[in-house]
2 protein chains.
Amino acid sequence: MKISTKGRYALRLMLDLATYNTGEPVSIKDISKRQDISEKYLEQIIAILNKAGFVRSIRGAQGGYMLKKAPSEYTVGMILRQTEGDLAPVSCVGADSEECERRSQCVTVRIYEQLNNAINGVVDHITLADMMEWQAEKVEQYVI
Amino acid sequence: MKISTKGRYALRLMLDLATYNTGEPVSIKDISKRQDISEKYLEQIIAILNKAGFVRSIRGAQGGYMLKKAPSEYTVGMILRQTEGDLAPVSCVGADSEECERRSQCVTVRIYEQLNNAINGVVDHITLADMMEWQAEKVEQYVI
DNA sequence: GTAAATCATACACATTTACTATGAATAGGG
DNA sequence: CCCTATTCATAGTAAATGTGTATGATTTAC
């Protein structure tokens with residue numbers, strides 16, 4: 001029941017892009033330094049986000065990445081699902097649920113449905129914009 | 001973010017013990033047949049539940065296992081935590097949370113705390129007794 | 001005494017995780 | 001046009017985890 005580094009890094013990566021959104025592309029190297037995550041691993045993760053259409057890539061020197069849409073348009077759920085796959089706690093519930101021959105007699109599935117709803121309820125209503133606000137609040141704490 | 005077979009089987013195992021709680025010990029062999037789970041794997045899982053004090057074991061011929069307490073005394077969370085470990089979605093939140101040097105600057109942790117609360121809110125409220133009721137409802141559906 | 005059961009470990013194999021490595025393709029600046 | 005900084009694509013790899021099997025010892029009802 002753990003979220004892997006891939007998903008966690010993807011969140012930090014997207015938040016980094018949202019934070020350093022100046023109009024200039026942000027390079028993997030810069031993100032790597034700020035977030036202290038291997039460049040090569042970040043490349044792999046951002047490739048997923050790129051294919052999903054979440055970021056725009058600019059190749060060549062002075063290249064990098066930018067968010068395609070506003071931070072408020074990206075939920076945590078969207079990002080985690082791309083990198084982690086379906087967030088349902090078992091394969092027999094959720095969006096791409098698989099068949100199970102025990103289904104008709106199975107009562108535990110009700111637990112998993114409730115869990116699935118609870119998880120989605122959290123991740124589908126937090127956006128990158130929310131996370132940016134949290135960051136701003138953190139800074140205030142130090143300033144005051 | 002998946003619950004492993006070990007945890008899922010543990011739930012079915014405990015529910016089976018709750019359902020067939022006649023005063024006589026229930027053998028692994030019987031549970032194995034009813035739940036269609038390997039005897040040997042069940043032995044391993046119930047060993048965990050036994051060490052946790054959730055079941056009482058009676059050795060020797062005609063032996064088996066019984067719940068130590070009433071079904072309403074066992075939450076899904078108790079059972080899953082024994083078999084799956086802490087249910088927190090990352091190691092830096094929850095009961096046995098580990099240190100992280102990025103903690104002070106990290107905002108994603110707020111997501112994980114909310115997730116953790118949501119997950120616990122579900123699993124700590126459902127008991128074996130609830131699951132037995134769900135089973136009874138299922139039977140009614142067929143009878144009517 | 002024997003068969004039926006639990007108990008304790010060790011082993012095995014597949015999958016997933018978390019990266020690292022290699023090199024090709026692209027493009028800006030001199 | 002060349003050099004360098006970057007993304008892009010794919011393969012490899014070591015460790016951990018998941019999902020069981022296998023072997024055999026121990027206990028106890030009959």
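Each chain gets a letter, A, B and so on, in the order its sequence line appears, and its residues count up from 1. All figures in this text were calculated on a predicted structure; none of them were measured in a lab.
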Phosphate oxygens OP1/OP2 of [N]: is one of them under 4.0 Å from a side-chain N or O of [X]?
X        : N       : result
Ser4(A)  : dT16(C) : no
Thr5(A)  : dA18(C) : yes
Ser38(A) : dT20(C) : yes

Could you tell me how far apart [X] ([atom1]) and [N] ([atom2]) are, to the nearest whole angstrom?
X        : N       : atom1 : atom2 : value
Glu39(B) : dA4(C)  : CD    : P     : 12 Å
Ile28(B) : dA8(C)  : CD1   : C1'   : 14 Å
Met1(B)  : dT16(C) : CE    : P     : 17 Å
Tyr41(B) : dT9(C)  : OH    : C1'   : 16 Å
Ile58(A) : dG29(C) : CD1   : P     : 13 Å
Leu42(B) : dA8(C)  : CG    : P     : 17 Å
Ile48(B) : dA8(C)  : CD1   : C1'   : 13 Å
Ile45(B) : dA8(C)  : CD1   : P     : 16 Å

Checklist entry - Which ILVMFWY residues are connected to Met66(A), directly or by a chain of links, through side-chain heavy atoms under 4.5 Å apart? => result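 Result for Met66(A) is Ile58(A).
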Checklist entry - Considering only side-chain heavy atoms of Glu43(B), which listed nucleotide, dT6(C), dC19(C), dT20(C), is closest? => result dT6(C)
Checklist entry - Nearest to the side chain of Tyr9(A), which nucleotide is it out of dT6(C), dC7(C), dC19(C)? => result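 So the side chain of Tyr9(A) is nearest to dC19(C).
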Checklist outcome for this item: Ranking Ile3(A) and Gly60(A) by the position along DNA chain C of their nearest nucleotide, the one closer to 5' is Ile3(A)
Item to check | Outermost nucleotides of DNA chain D that come under 4.0 Å of a non-hydrogen atom of chain B | outcome: dT19(D) to dA29(D)
Next on the checklist: Let's go through Asp124(A) and Arg81(A) carefully: what are the C-alpha distance in whole Å and the side-chain angles of both, what is the deciding distance for salt bridge (charged side-chain N to carboxylate O under 4.0 Å, His left out) to 0.1 Å, and is it a yes or a no?
Outcome noted: CA-CA 10 Å; Asp124(A) 289 336; Arg81(A) 282 189 196 96; 3.0 Å; yes
Checklist entry - Is there a donor-acceptor contact under 3.5 Å linking the side chains of Ser4(A) and Glu84(A)? => result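 Yes, Glu84(A) and Ser4(A) have a side-chain donor paired with an acceptor closer than 3.5 Å.
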Checklist entry - When you look at CD of Glu137(B), are more than 12 heavy atoms from neighbouring residues, nucleotides or ligands closer to it than 6.0 Å? => result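 Correct, the count exceeds 12.
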Checklist entry - Around atom CD of Glu101(A), are there more than 12 heavy atoms of other residues, nucleotides or ligands at under 6.0 Å? => result no
Checklist entry - side-chain contact (heavy atoms from CB on, under 4.5 Å) with Gln44(A): which residues, sequence neighbours excluded? => result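 Tyr41(A).
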Checklist entry - Between Glu43(A) and Lys40(A), is the closest basic N to carboxylate O distance under 4.0 Å? => result yes
Next on the checklist: Heavy atoms only, 4.0 Å cut-off, all strands: where does Ile46(A) land among base, sugar-phosphate and nothing?
Outcome noted: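 Ile46(A): no heavy atom of the nucleic acid under 4.0 Å.
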